[in-house]
**Student:** 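So that we are looking at the same thing, I have put the structure below in structure tokens.
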Amino acid sequence: MGGNADAARAFREIADLLDVLGEKFKPEAYRRAARSIDSLTEELSAVAARDQLREIPGVGQAIEEKIREFLREGTIPYLEKLRREIPPGIVALMRISGIGPKTARRFWTDLGVDGPATLVAAIDAGRLEGLSGFGPKKIAKVREALAAAPSDSRRRPLREAARVAQEIVLHIRAGAPVDQIEVAGSLRRRRETVGDLDILVTSAESEKVLDRFAALPGATIVLRGPTKETIRTADGLQVDLRVVPSESFGAAWQYFTGSKDHNIATRSLARDRGLKINEYAVMRGEERLPSATEAEIYRSLDLPWIPPEIREAQGEIEAAQAGTLPRLLESSDLLGELHLHVAPGDGPERWEAQLASPVTAKLQYVGFVASELAQLSALRSWVRERTVGRVAILVGWESTPSSVDSPPAGEVDFRVLRPEGPPPKPEARRVGTGPVWVGHLGIDPEDSNGAQRLSDWVAWGLRHSVALEVTPAPFSEGLDAVAARKFAEAGGHLIVSEATLGPDRSLGLAVGTARRGWIGPGPVLNARPWRTGSGDWPPPK
DNA sequence: GCCGTTTTCGGCCCGACTGTTTTCAGTCG
């Protein structure tokens, strides 16, 4: 207890409880503060010690006081008071699809329902019939939603969401007349986890697109209108599709990419200058301004185009206004890929195939990583016998700090440390030859000390000038954007690996994660030529 | 509850869809 995540959770709970009470604007204010706290790169206690809590977007006097109470006492009296007023089951009711604060409150006040279980009983007893606003269809929907598995709403890891989205885009393209089709939402912003998918289409025949979308194998239609359709995949993931005219594409893409806070901020800017932005266009009174591209939308606000990965209302708008938006990492900045795994049974044929993939072929150097001595020796002989290609082949060795196997001196070009438990003694990075970095560093959701362990490794990397890795699986197998940003801002170096988890580099999820952390090419080692000589990479501080 | 180089008070993004409505409320994103 006492960490940023716990504080954010407390404020979200306050927001939910205030929703039940019918408060109009306070819930959003608490949620905004919670989102800001989640994206902080340091502990609240450190910000409080500097007396800078009010600098956090969405934190004013009242929430500052509550943060201090939370840091001091581990709880917030206001939250305790709300908890005493409202049965915990009421918040659970609002989690059910189709039930919002108004409905949950009515169940509570009109029917004495205090949670999902008593709601089921009330429906079975026919007590919803005759309640104004509740016809047979609505009652059936509530009953259905109560029976549905709650796990349906779980957020998916970025990589899983990206793959599903890619499949759906291909499915639609293959069977409907699509002009433009793009992913929006948190997937486009490369959030570490994705709650649902948003897909945007322009087409002259929207009916055909909606039909094709609904025909996705295993999908069930949640709702369908003339321009909007929502489905749930066989796996339970919700996917929204919107069809807009091509002249509205920029406005729609900007709008559906979010984030919510970013949209509120941009729309406020628009209002300040007498404009109105909706998902169809920027309007000045009755006059429609150019809205076909995102750049046009931002231009109407006198802003440069803002990369989607940093659209979180965490300073990007101010930076855009000041002309100080960071130059973010691009896939084309990466000169090397250093984490192609060697799987059991792999041989030269497969390695050559990986090298021949269109993305890898553009690189200057590629590193294959072995974790068994037999693999290492097979790799070595392949590299020796191989006729020299354009791409330099490097051989790496991956092991845990406690591993007993050790490659012969001079046989490896670099070493990858796979974290296992707490950071090792500093000597660990001195074993063997060549540069060392930490790969596969993430948080095991089962590990309650995961966040602490991550932060220990980040500190260790900084202290010993050891690079950390960003991968397409932030959180579970690589730094998340916040950790990467914190590390880079403190002077740490990064390895950005798209291929750690397979050869498909095309989605750019590792680069996206780095961009989300406001990271440019500067701290990224594999955006530099491979180091020459026998020195460290980067040099020790 | 937060916020402000037009504001320290009066705003707070805004439209699609559904179900129950004779004109709109609630939910959702």
Side-chain angles (χ1 to χ4, degrees), chain A residues 11 14-15 18-19 21-36 53-67 78 93-107 128-142 144-145 153 184-187 194-200 206 210 221-230 238-244 248 251-252 254-283 297 301-302 313 318 321-322:
Chain A
F11 287 127
I14 291 177
L18 289 174
D19 261 337
L21 294 182
E23 289 282 354
K24 193 84 184 78
F25 297 104
K26 288 185 188 184
E28 260 322 294
Y30 279 103
R31 289 196 182 97
R32 167 104 208 274
R35 287 192 293 268
S36 281
L53 288 172
R54 294 283 282 274
E55 312 276 313
I56 299 170
V59 175
Q61 187 192 339
I63 293 183
E64 176 187 14
E65 279 170 19
K66 291 179 177 68
I67 292 174
Y78 182 58
L93 284 182
M94 288 196 304
R95 301 265 175 277
I96 294 164
S97 163
I99 299 182
K102 296 268 170 52
T103 309
R105 184 178 166 78
R106 283 199 64 199
F107 287 155
L128 265 66
E129 288 153 35
L131 203 59
S132 72
F134 283 85
K137 278 191 173 177
K138 200 171 230 173
I139 293 172
K141 273 202 159 182
V142 170
E144 205 172 296
S153 62
S186 53
L187 173 56
V194 174
D196 57 23
L197 299 180
D198 296 285
I199 296 174
L200 188 64
S206 65
L210 296 179
I221 300 180
V222 176
L223 63 83
R224 176 167 175 169
T227 65
K228 172 179 173 172
E229 186 170 28
T230 300
Q238 183 171 310
V239 189
D240 295 332
L241 179 84
R242 290 290 294 254
V243 184
V244 298
S248 295
Q254 197 277 334
Y255 176 72
F256 291 113
T257 296
S259 67
K260 183 184 180 119
D261 289 334
H262 179 87
N263 283 355
I264 290 173
T266 48
R267 287 177 181 212
S268 297
L269 273 184
R271 199 184 47 238
D272 291 347
R273 55 192 62 217
L275 304 175
K276 198 177 87 165
I277 303 181
N278 60 26
E279 64 255 57
Y280 297 112
V282 182
M283 303 293 294
I297 306 303
L301 304 173
D302 291 324
E318 292 81 356
Q321 286 173 321

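Keep in mind that the numbers below use all heavy atoms, side chains included, and drop hydrogens, waters and symmetry copies. Quick note on labels: first sequence line is chain A, next is B, and so on, each numbered from 1.
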**Student:** Whole-Å distance between B/dC14 C1' and A/Ile264 CD1?
**Tutor:**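 In whole Å, B/dC14 C1' and A/Ile264 CD1 are 10 Å from each other.
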
**Student:** For B/dT27 versus B/dC13, give the span between their C1' atoms, rounded off to a whole number of Å.
**Tutor:**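 The answer is 16 Å between these two C1' atoms.
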
**Student:** Would you measure the distance from the P atom in B/dG26 across to the matching atom in B/dT22 and give it in whole Å?
**Tutor:**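 Roughly 14 Å separates the two P atoms.
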
**Student:** Could you check whether A/Thr230 gets within reach of a base, just the sugar-phosphate, or nothing at all, counting any heavy atom under 4.0 Å?
**Tutor:**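 The residue A/Thr230 makes no contact with any strand.
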
**Student:** Does the structure show a Watson-Crick or G-U wobble partner for B/dT8, both distances under 3.5 Å? Name it, or say none.
**Tutor:**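 Pairing partner, where one exists within any strand: none, as none qualifies.
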
**Student:** Select base, sugar-phosphate, or nothing to describe what A/Thr266 touches, counting heavy atoms under 4.0 Å on all strands.
**Tutor:**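 Counting heavy atoms under 4.0 Å across all strands, no contact is made by A/Thr266.
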
**Student:** Do the side chains of A/Glu144 and A/Lys141 get close enough for a salt bridge, i.e. N-O under 4.0 angstrom?
**Tutor:**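 Looking at A/Glu144 and A/Lys141, the cut-off is not met.
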
**Student:** So what does A/Phe256 hit on the nucleic acid, given a heavy-atom distance under 4.0 Å: a base, only sugar-phosphate, or nothing?
**Tutor:**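 A/Phe256: no heavy atom of the nucleic acid under 4.0 Å.
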
**Student:** Just to be sure I understand the rule, does A/Arg32 reach a base, reach only the sugar-phosphate, or reach nothing, if contact means heavy atoms closer than 4.0 Å?
**Tutor:**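 No contact.
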
**Student:** Once you apply a heavy-atom cut-off of 4.0 Å, does A/Asn263 come out as touching a base, just sugar-phosphate, or nothing?
**Tutor:**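 No contact.
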
**Student:** Considering only atom P, compute the distance from B/dA16 to B/dG10 and round it to an integer number of Å.
**Tutor:**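 Pairwise P distance, B/dA16 against B/dG10, rounds to 32 Å.
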
**Student:** Can you find a donor-acceptor pair, distance only, under 3.5 Å between A/Tyr78 side chain and B/dG1 base?
**Tutor:**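 Between B/dG1 and A/Tyr78, which were checked side chain against base, a qualifying N/O pair under 3.5 Å is absent.
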
**Student:** Give one of base, sugar-phosphate or nothing for A/Pro27, where a contact means two heavy atoms less than 4.0 Å apart.
**Tutor:**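 Since no nucleic acid heavy atom lies under 4.0 Å of A/Pro27, the category is nothing.
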
**Student:** If you measure from CZ on A/Phe256 to CZ on A/Arg242, what distance do you get to the nearest 0.5 Å?
**Tutor:**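 So the gap between those two atoms works out to 3.5 Å.
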
